[in-house]
Amino acid sequence: MKKILFICLGNICRSPMAEFVMKDLVKKAGLTSQFQIDSAATSREEIGNPVYPPARRKLAEHGISCEGHAARQLTARDYAKYDLLIGVWIRPTFVICTASAAAILPKSCIS
């Protein structure tokens, strides 16, 4: 099973949109059992909040539901749990690479 985590600042627009679009693509391809897809935030300010209304509407326009999503923050466990961490904005990508991952990521990611 491939495990993918999409990451942005608040986990209420970009990363959940990527999460739910990817889940939809995987479902349509009949590969749901082969993937675990989630999203997370680098900040704490939106924890527990649902998907931002304009993002929810855009997903709905394409027949994609994001019901049940609650923003969560990236944890140290996520680095070991997921095969692929995808930053959906340049700043969170920097935070992803410099936070608690410093011990396990190549130095080129940190510099």
If we ignore hydrogens and angles and just use 3.5 Å, is the side chain of H69 paired with the main-chain N or O of S39 as donor and acceptor? no
Main-chain N/O of C8 paired to R14 side chain as donor or acceptor, under 3.5 Å: no
Across all chains, not counting sequence neighbours, the side-chain hydrogen bond (donor to acceptor under 3.5 Å, both in side chains) partners of K2 are none
With the 4.5 Å side-chain cut-off for hydrophobic clustering, are I37 and V21 part of the same group? no
Is it true that a side-chain atom of Q73 and a backbone atom of T42 form a donor plus acceptor pair closer than 3.5 Å? yes
Do N11 and L74 have side-chain heavy atoms sitting under 4.5 Å apart? no
So, taking the atom named NZ in K23 and the one named OG1 in T32, what distance separates them when rounded to the nearest 0.5 Å? 10.0 Å
Electrostatic pair D38:R72 at N-O distance under 4.0 angstrom: yes
Answer yes or no: is there a side-chain heavy-atom contact under 4.5 Å between R56 and P16? no
Under 3.5 Å: donor-acceptor pair, side chain of N49, backbone of A71: no
Among the clusters formed by ILVMFWY side chains lying less than 4.5 Å apart, do I47 and V51 turn up in the same one? no
Considering residues at least two apart in sequence or located in another chain, which fulfil the side-chain hydrogen bond (donor to acceptor under 3.5 Å, both in side chains) criterion with D83? none
Would you kindly confirm whether V88 and L59 end up in one hydrophobic cluster when ILVMFWY residues are joined by side chain heavy atoms under 4.5 Å apart? no
Starting from L84, can I reach M22 by hopping between I/L/V/M/F/W/Y residues whose side chains sit under 4.5 Å apart? yes
Who are the side-chain hydrogen bond (donor to acceptor under 3.5 Å, both in side chains) partners of Y52, not counting sequence neighbours? none
A quick test of your reading: do over 12 heavy atoms of other residues, nucleotides or ligands sit less than 6.0 Å from CD of E61? yes
For a quick test of reading the model, state the closest non-hydrogen atom pair linking G10 to E46 and the distance between them. O-CB, 3.3 Å
Side chain to side chain contact (heavy atoms under 4.5 Å, CB included) assessment of Q36 paired with I4: CA-CA 6 Å; Q36 179 180 341; I4 303 170; over 6 Å; no
Measure the CD-CZ distance between E67 and F20 for me, rounded to the nearest 0.5 Å. 9.0 Å
Joint cluster assignment, F6 & L31, ILVMFWY side-chain distance < 4.5 Å: yes
Hey, does I7 have a side-chain heavy atom less than 4.5 Å from the side chain of I86? no
Which value, rounded to the nearest 0.5 Å, describes the distance between E19 atom CD and L5 atom CG? 8.5 Å
